[in-house]
Amino acid sequence: MIEDKEFIRIPIGPIHPALEEPFKVTIVTDGEEIVDVDVRFGYNYRGLEWIAQRRNFINVMYMAERVCGICSFAHTYAYAITVENLIGQEIPERAKYIRAIVAELERIHSHLLITAVMAHNAGFDTWFMRLMQLREKTMDMLELITGNRVNYAIMTIGGVRRDIGDKEKRMLTEYVDYMQRKVLPEIIDLFMYNKTIENRFIGAGILSKEDARAYSVVGPVLRGSGIDHDIRRDFPYDAYGSLDFEVITPKKILGNVRGDSYDRTLVRIFEIVESLKIIEESLERLPSGPIHGKQMIPLPITLKRLSGRSIGRVEAPRGELLHYILAGNSEGPIRWKVRTPTEANAYALKVMLKGDQIADAPVTIASIDPCISCCDRITIIDTNTGEKYEKTFDELLRLKSER
Amino acid sequence: MQIENIIAEIKNILEMLGGSITEERTVSMKPEIWGKIDASRLRDFFLLVCERIGIPHLTTIIGEDLGDRIHIMYPLDFYDESQGDKCLYFVLSVEIPKEEPKVKSISDILRVAWIYEAEVSEILGVQFEGLKKEGRYYIPDTIPEGIIMRKDKQDIVEKYLNKAPHPLEGGGND
C-alpha cells in the first residue's frame with residue numbers, strides 16, 4: 001500500500017453492531033481520486049473451521065447453516081452435497097426439486113435486499129421500502145415452506161426435512177405469478193430507464209473482463225463483467241441439470257458490457273426473473289415420492305465410516321460457494337473448509353475502486369453485495385496534520401449525488 | 001481450447017514437471033481430476049498453464065495439517081470459452097514438510113492467490129516465498145499467526161482461547 005504522506009488514507013468500516021461480516025476497506029486518495037485500496041478481514045473471526053474439527057458430521061450441518069444469515073441454505077446445500085459425494089448417495093427426485101425451490105427463493109430475497117440497498121444509494125428511498133416489502137413477501141414464502149425465516153433447517157444429508165403440500169404449492173404459484181406480472185416490470189423499468197440511476201451507477205467500479213478473470217471473482221460480479229459462468233449450469237447439481245434457465249450477462253440485457261455497478265445491478269434483477277422461472281418449472285415438475293432416501297445402514301454409522309476428500313460447490317446468491325471435507329473414519333471431519341463468495345469478490349475492490357472518486361466508493365462497495373454494510377462509518381485522517389474527521393455513509397451518498 | 005485438449009495439456013504439463021494424476025472422476029456430470037506435483041515445480045506448473053491454456057479460475061487454496069506434513073490444494077476451473085458450460089474441475093496438490101513449511105507464492109501469476117495464500121499462512125504458518133504481505137489479513141491480531149489449524153500447536157491455541165483479551169480491554173484489531 002502507498003505510504004506517501006501526501007496521500008490521505010480513508011478507512012471504511014469495519015465494525016457495526018448489526019453486521020454479520022465486518023471488514024475494512026482502506027482507501028488511499030489523491031484529492032478526490034482513489035489511488036490505492038487495501039482490504040482486511042478478521043474482525044468477526046469465529047474459528048468455525050477449528051470448532052468443526054471437534055464436532056460430528058451432523059453438528060457441522062448446523063454450524064454451516066449459521067455461517068451466514070442471508071445465504072444460510074446455500075451453506076447447508078454445499079455441505080450436504082460435499083457429504084453426499086463422500087457417501088455416494090443419490091437423493092430422491094422430489095427432494096432435488098424442493099432444494100432448488102428453496103435455493104431460488106433465497107436467491108430472490110438476497111437479490112431484492114441488495115437491489116433495495118442500491119436503490120437507497122441512488123436516493124430512491126421509496127423504492128428501498130418497496131423492495132424490502134417484496135423481500136418480506138419472499139421470506140414469508142420461505143417461512144411457509146420451511147417454518148423458519150432465516151435459518152431454514154430444511155436441509156439434511158440425503159434429502160430435505162419438510163415436504164411441499166398442495167396449499168404451499170398453490171401459494172407459491174400465486175407468489176410467482178404476482179412477482180412476474182406485477183412487480184418485476186416495475187423494477188426493470190426503474191433500473192433500466194431511469195436517468196438518475198444511470199448517472200449514479202454507470203462507470204462506478206468498473207471491473208474489466210480480464211481483471212474479473214485475474215481476480216477470479218464469482219457470481220453476479222463475474223457475470224456483470226461479461227463472463228458467462230454459473231455453477232448451476234456449468235457444474236449442475238441436483239435438479240439444475242434438468243431445469244431450463246438462462247445465465248444472465250449484461251450483453252444479454254443491454255447488448256454491451258461495461259462491467260460497472262450498473263451492469264452488476266441489472267444482472268441481479270434479471271437473475272430474479274430466472275429464479276422465478278426455475279421455481280415455476282420446479283413446481284410444475286415436482287415428482288411424487290419420498291423426500292428423504294431410505295438407508296440400509298443408519299446415517300450416523302455411515303458417517304463414521306466416511307473417508308476421503310470431497311469438494312461441494314453451489315451457486316449461492318453472491319456466487320460460487322465451496323465446502324471441502326477431509327474425512328478419515330472419525331466422528332467428524334478432519335478438515336472442513338468454507339470459501340464464501342465475498343472472499344473472492346471483496347479482494348477485487350482493489351482494482352474496482354482504483355481511479356474512481358471517493359464518492360463512488362459506497363456504490364461500488366455495495367455493488368459487489370458484500371455480506372456486510374459496515375461502511376456506515378468513515379473516518380478521514382489527514383496524514384499531514386494528523387487531523388481526524390468523520391463522514392457518514394449518507395454524507396458520502398450526498399457527495400455522490402452532488403457530483 | 002476444447003475441454004479434451006485442456007485435459008491432455010494438463011496431463012502433458014504434469015508429466016513434464018514430474019507430477020501425476022491421482023484421481024479422475026465425474027462429479028456433477030463434469031470431469032473432476034485430482035493431481036499432485038512436487039512443491040518446487042508449483043510455479044512452473046502455473047506459468048505453463050497460463051501460457052498454454054490461459055488463466056484458470058482459482059477457487060481457493062486449501063491447507064491442511066496431515067500430522068507429519070502440510071497438504072496444500074489449488075482447485076482450478078477450466079472453461080471451453082466457445083461453450084461456457086463445457087468445463088473441467090482440476091485440483092492440484094502439493095505436500096511440504098512440517099519442519100520447514102515453505103512454498104513459492106503464485107500471487108504474481110494469479111493475483112487472487114494473494115488472499116488465499118495469506119489465509120493459509122495465517123492459519124497454518126506456511127511461508128509463501130515472494131508473498132508481499134504486511135500485517136494480518138484473516139485472523140484477529142489477538143491470536144498468534146500460524147497455529148490455529150496446526151495439530152501440534154493446539155495447546156497454545158487453547159491457552160489463547162482462555163486468555164484472549166476482551167475488545168474493550170485492548171483486544172481486537174487495529
Side-chain angles (χ1 to χ4, degrees), chain A residues 1 11 14-15 24 38-45 47 49-50 53 81 85 210-218 222 227-238 240-241 247 249 308-313 320-322 324 326 328 334-335 337-340 343-344 346-348 350-351, chain B residues 23 25 27-30 32 34 54-67 71 73 75-77 79 81 83-89 91 93 109-116 118-119 122-123 134-143 148-149 151 154 157 161 167 172-174:
Chain A
M1 169 156 265
I15 300 294
K24 186 164 83 174
D38 199 21
V39 184
R40 163 80 158 100
F41 288 99
Y43 293 93
N44 197 11
Y45 191 75
E49 291 173 5
W50 182 83
Q53 293 177 337
I81 285 179
N85 282 348
E210 293 70 35
D211 283 334
R213 206 175 289 281
Y215 281 85
S216 290
V217 294
V218 293
L222 179 75
I227 300 176
D228 180 16
H229 291 169
D230 188 317
I231 295 292
R232 290 174 296 172
R233 183 202 61 190
D234 302 340
F235 294 91
Y237 46 94
D238 288 352
Y240 286 107
V247 176
T249 57
R309 293 189 169 85
S310 172
I311 289 176
R313 297 190 297 166
E320 176 194 355
L321 167 68
L322 175 144
Y324 162 82
L326 168 64
I334 297 171
R335 175 87 167 96
K337 156 85 184 162
V338 180
R339 201 299 312 268
T340 61
E343 274 183 61
Y347 189 59
K350 275 179 99 72
V351 64
Chain B
E23 199 175 347
R25 56 188 176 191
V27 177
S28 301
M29 296 177 261
K30 297 292 161 74
E32 182 176 307
W34 293 60
I55 298 174
H57 176 97
L58 177 68
T59 317
T60 186
I61 298 176
I62 305 167
E64 60 192 14
D65 183 349
L66 294 181
H71 185 220
M73 282 162 282
L76 303 161
D77 277 344
Y79 288 89
E81 288 307 330
Q83 295 167 287
D85 59 340
K86 300 278 180 205
C87 35
L88 158 76
Y89 199 43
V91 185
S93 299
I109 305 168
L110 295 176
R111 272 175 279 176
V112 70
W114 189 94
I115 44 171
Y116 305 130
E119 180 189 0
E122 286 177 18
I123 63 170
E134 294 166 13
R136 298 287 177 83
Y137 183 69
Y138 258 96
I139 63 168
D141 293 335
T142 46
I143 302 173
I148 192 151
M149 297 301 274
K151 286 181 179 161
Q154 288 305 304
V157 177
L161 283 179
N173 303 331
D174 56 340

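In what follows, chains are A, B, ... by sequence order, proteins preceding strands, each numbered from 1.
Between the CD1 atom in A:Ile334 and the NZ atom in B:Lys151 there is a gap of 5.5 Å [rounded to 0.5 Å]. For the atom pair CD1 (A:Ile227) and NE2 (B:His57), the distance works out to 9.5 Å, reported to the nearest 0.5 Å.
Both the backbone and the side chain of B:Tyr89 come within contact range of chain A, judged by heavy atoms closer than 4.5 Å. If you measure heavy-atom distances from B:Gln154 to chain A, the contacts under 4.5 Å come from the side chain alone. For A:Arg313, the part sitting under 4.5 Å from any heavy atom of chain B is the side chain, from C-beta outward, and nothing else. Interface remark: A:Gln53 contributes side-chain atoms only to the contact with chain B (heavy atom separation under 4.5 Å). Proximity to chain B (any heavy atom under 4.5 Å) is shown, for A:Ile81, by neither the backbone nor the side chain. With a 4.5 Å cut-off on non-hydrogen atoms, B:Glu119 touches chain A through its side chain but not through its backbone. Contacts of B:Asp77 with chain A are made by side-chain atoms alone, with heavy-atom separations under 4.5 Å and no backbone atom involved. In this structure, the portion of B:Leu66 lying under 4.5 Å from any heavy atom of chain A is its side chain and not its backbone. With a 4.5 Å cut-off on non-hydrogen atoms, A:Val247 does not touch chain B at all.
Interface remark: of the candidates A:Glu343, A:Lys350, A:Glu210, A:Glu343 forms the most heavy-atom pairs closer than 4.5 Å to chain B. With chain B as partner, the option from A:Leu322, A:Val218, A:Ile311, A:Val351 having the largest number of non-hydrogen pairs under 4.5 angstrom is A:Ile311.
Contact check for B:Met73 versus A:Arg309: side-chain heavy atoms found under the 4.5 Å cut-off. The side-chain heavy atoms of B:Ile148 and A:Glu49, taken from C-beta on, include no pair separated by under 4.5 Å.
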TODO: Kindly determine whether B:Arg111 and A:Asp211 satisfy side chain to side chain contact (heavy atoms under 4.5 Å, CB included), including the steps that lead there.
DONE: CA-CA 9 Å; B:Arg111 272 175 279 176; A:Asp211 283 334; 3.5 Å; yes
TODO: Report the C-alpha separation of B:Met149 and A:Lys337 in whole Å, then their side-chain angles, then the decisive distance to 0.1 Å, and conclude whether the side chain to side chain contact (heavy atoms under 4.5 Å, CB included) test is met.
DONE: CA-CA 11 Å; B:Met149 297 301 274; A:Lys337 156 85 184 162; over 6 Å; no
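The ring-ring contact (aromatic ring centres under 6.0 Å, His included) check on B:Trp34 picks up nothing, with sequence neighbours excluded. By the ring-ring contact (aromatic ring centres under 6.0 Å, His included) test, A:Tyr324 pairs with no residue at all, sequence neighbours left out.
Between the side chain of A:Arg335 and the backbone N or O of B:Gly63 there is at least one donor-acceptor pair closer than 3.5 Å. No donor-acceptor pair under 3.5 Å is formed between the side chain of A:Arg213 and the backbone N or O of B:Ile55.
A parallel orientation is assigned to the rings of A:His229 and B:Tyr79, their planes being inclined by less than 30° (bins at 30° and 60°). Relative orientation of the B:Tyr137 and A:Tyr347 rings is perpendicular, given thresholds of 30° and 60° on the angle between their planes.
Screening B:Leu76, B:Leu58, B:Thr60 for a side-chain contact (heavy atoms from CB on, under 4.5 Å) with A:Ser216, the sole residue that qualifies is B:Leu58.
When all heavy atoms of B:Arg25 and A:Ser310 are compared, the pair lying nearest together is NH2-CA, 4.4 Å.
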